[in-house]
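The first residue of the sequence shown is numbered 1, and numbering continues consecutively from there. We count ligands from 1, going down the list as the structure has it; atoms in each ligand are counted the same way.
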Amino acid sequence: MADLSGETAAAAAHSRALQRVRVLLPLPLPDALDYRIPGGEPPPPGSFVRVPLAGRNLVGVVWERSAAGDDRTELAADRLKPIGETLPLPPLDAALRRFIDRVAAYTMASPGAVLRMAMSVPEALQPPRPRRLCAISAAGLAALAERAPATPLSATRRRVLETLRDHPPMPFAETARLAKCGAGVIRDVVACGLAEERIVPTEPAVPPIPDWRVSGVQLSADQAAAARRLVACVDSGGFRVALLDGVTGSGKTETYFAAVAAALAAGRQVLVLLPEIALGAQWLQRFRNRFGVLPAQWHSEISRSERRDTWRAVAAGRVRVVVGARSALFLPFPELGLIVADEEHDPSYKQEDGVCYQARDMAVLRASLAGFPVVLVSATPSLETVVNVSRGRYQRVSLPRRHAEAALPAIRLIDMRRERLETGRFLSPPLVAAIAGAFAAGEQALLFLNRRGYAPLTLCRACGHRFQCPNCSAWLVEHRFTRRLLCHHCGHAEAVPALCPECMTAGVLVPCGPGVERLLDEVSAHFPSARAAVMVSDTLSGPQAAAELTQAMTEQRIDVLIGTQIVAKGHHFPMLTLVGVVDADLGLVGGDLRAAERTYQLLHQVGGRAGRAERKGQVLIQTFMPEQPVMQALAAGERERFLEAEAAARRGAGLPPFGRLAALILSAIDAQAADFAAQAIARAAPQWPGVIVLGPAPAPLAILRGRHRRRFLVKADRQVNLQAVLRDWLSRVRLAGSARLQIDIDPYSFL
Ligand code: ADP
Ligand code: ZN
């Protein structure tokens, strides 16, 4: 009896398992949902299926049963909703499904929110709309051939049939155009059977495959040795991380192209992550020079239809190389065999809204789950990566010299405490003299200031009124080119008024401090005949404008380029010999734990634009804090010493990568609700060994887009499972009303 009931139970469990399937939907739900299989075989994991949910018909992905899911009290299969059709798409592969689960667990986002990043193009899930073509029918051919037909063809119809006879099947509109008639005639000809409609499925044309067999530039001995090591990583066919660490201008791109070629030769797909697409034009050109075709691109600027085609082509394995911004990491590559993260230290790899993730770190995770190598590339690697090298987890591949013996630029600090400048002027006499020197030698200069607009603050000379954003605790920034006051946090814009809105006096508004547009005035005052241009990453101008400026600079149609951090990246201008950093201290203010590191990287990077060809470059750095370790390290070119000092400071404070950090950002539409919710969270805070909770405190940006913000910072020892602690803590808190909580593991921004 006992045996029999055991058997019955097992059979029942078996049939239950057979009849139900878990489906993960691209929605912020806590888990996948159970559905019933109405009959037949269940679709394999990874299949895209249609399912009903709350009266809607959605597409989700068949997911594995999680360990926790098995203990749930299950709804009887007959009470579950049935799944619908399986879409004709390649299933998401197991490694990508595990990656999605792991990213969700790490970032504490819901798996569905992460899945949504992997299926970010809903229209790509539908098969492309079939094309309707027109072809001549047997009756049509006969009618053309007939000598004395019972019903003679009209001249127009004859023309249509002759056109169709002489061409392969073509769209109706095309037929009408060639036969010089209206579309109605074509429809009539089809209706009376002289021609026929043919429905053909269409996939967009197969994108050209990058050719890895053609060899690239002749590599130097250093480069060839580095390339061999990267290729060996690819050929070993397992997970590894290599840091390609080379000074600016050492040829890192040409070197990692060798690894890209090796992965292609092994039949694998390749993803190259680039932080900012401004770097696009020159990079794409070099890719084409090396591989004969352009790679597929993935970033916010590509069109919807391109996005759709690329997603499908990646999923089908028809695209072999994608170059993209961080979101490309979630594309459904079935045969991914290499990820390169160029400028791996770049802070824009960190996504700060929605699912907060670090794309460089998640690239390493994806590679480790799928078992292939990652190449991280930088002239100023992040402290996290350097520490991973010293712990033996990542291997370092170095390129110590600039290509073609170009010398590294000389770096000099200008102590701004000693310089006398008129009010409203920001370029010191030594910097102005150096610009004059560069012009005299027929060379170019670049001025770097990480501040968009004309002036960061506008105030009224008569009453002291300052222009503030109505939605954020931030000053409005004057933009002279567009004559507007802009909030750089929420995008609020207003016209620059003629009168002070407070005291109604005219002509009393004064700009305070410099922005790149204001430097343009100052340069023009000093050098009226110089051709100067401003380059910013404004959405107003866009990457196209940036590409045009890059071109103009390369062709020396510009003498001096004034720009924000967009100019720091990747560009190579042979005649650029002088880089002036207008305010090197800007990045050091604010309580950001990576402030010093970021300043070092940015200034080093921008300095690296100088003297990249035969002519030697110089970098002048204006600072009020010349004794700061960052400035000293920059001037002495002592990267290792700087990194050691940074590492020691962070180790002492238990900060990443020596400890764990998470930010909780609570927001609500009024201050009271924000405080109330913050107190509720604070009361539930864990008493856990090795965990320190700081806060709640008003965020530095206390109001953002009309929401009041409070922050907690959670610090933990490296051994602590921070996510588990947070999960336990937050499970004991219920947020009411408008309050929202955002969790940011490894925060980069502290605003
Ligand atoms: P990095 O990325 O290290 O700053 P790049 O890859 O941009 O350096 O190379 C700097 C410049 O030198 C580029 O214009 C590149 O085309 C050129 N270059 C690098 N290596 C070679 C080589 N072996 N032969 C010819 N040109 C090279
Ligand atoms: Zn604002």
Relative to the ring of Phe467, is the ring of His465 parallel (under 30°), tilted (30 to 60°) or perpendicular (over 60°)?
-> perpendicular
Kindly assign one of parallel, tilted or perpendicular to the pair Phe287 and Phe257, based on the angle between their ring planes and the thresholds 30° and 60°.
-> perpendicular
Would you kindly specify which portion of Arg286 sits under 4.0 Å from ligand 1, judged on non-hydrogen atoms: side chain, backbone, both or neither?
-> side chain
For ligand 1, note which part of Val217 has a heavy atom under 4.0 Å away: side chain, backbone, both or neither.
-> side chain
Verify the distance criterion only: is there a donor paired with an acceptor across the side chains of [X] and [Y] at less than 3.5 Å?
X: Ser378; Y: His345; result: yes
X: Gln395; Y: Arg240; result: no
X: Asp346; Y: Ser348; result: yes
X: Arg393; Y: Asn388; result: yes
X: Gln618; Y: Thr577; result: no
X: Tyr256; Y: Asp342; result: yes

Strictly under 4.0 Å, does any heavy atom of Gly246 approach an atom of ligand 1?
-> no
Applying a strict 4.0 Å limit to heavy atoms, is Thr255 in contact with ligand 1?
-> no
Taking 4.0 angstrom as the limit and counting only heavy atoms of [X], give me the atoms of ligand 1 inside it, by number and element.
X: Gln218; answer: 22 (C), 23 (N), 24 (N)
X: Ser250; answer: 1 (P), 3 (O), 8 (O)
X: Thr253; answer: 2 (O), 6 (O)
X: Lys252; answer: 1 (P), 2 (O), 3 (O), 4 (O), 6 (O), 8 (O)
X: Leu219; answer: 23 (N)
X: Thr248; answer: 4 (O)
X: Val247; answer: 3 (O)

Short N/O/S contact of His492 with the Zn ion (ligand 2) (below 2.8 Å) = no
Is there an N/O/S atom in Cys469 that lies less than 2.8 Å from the Zn ion (ligand 2)?
-> yes
May I ask you to decide whether Arg484 forms a salt bridge with Glu478, counting only side-chain N to carboxylate O separations under 4.0 Å?
-> no
May I ask you to decide whether Lys350 forms a salt bridge with Asp744, counting only side-chain N to carboxylate O separations under 4.0 Å?
-> yes
Selected option - heavy-atom contact closest to atom 8 (O) of ligand 1, from Gly216, Gly251, Ser220 | Gly251
Looking from the Zn ion (ligand 2), what is the angle between SG on Cys490 and SG on Cys472, to the nearest 10°?
-> 110°
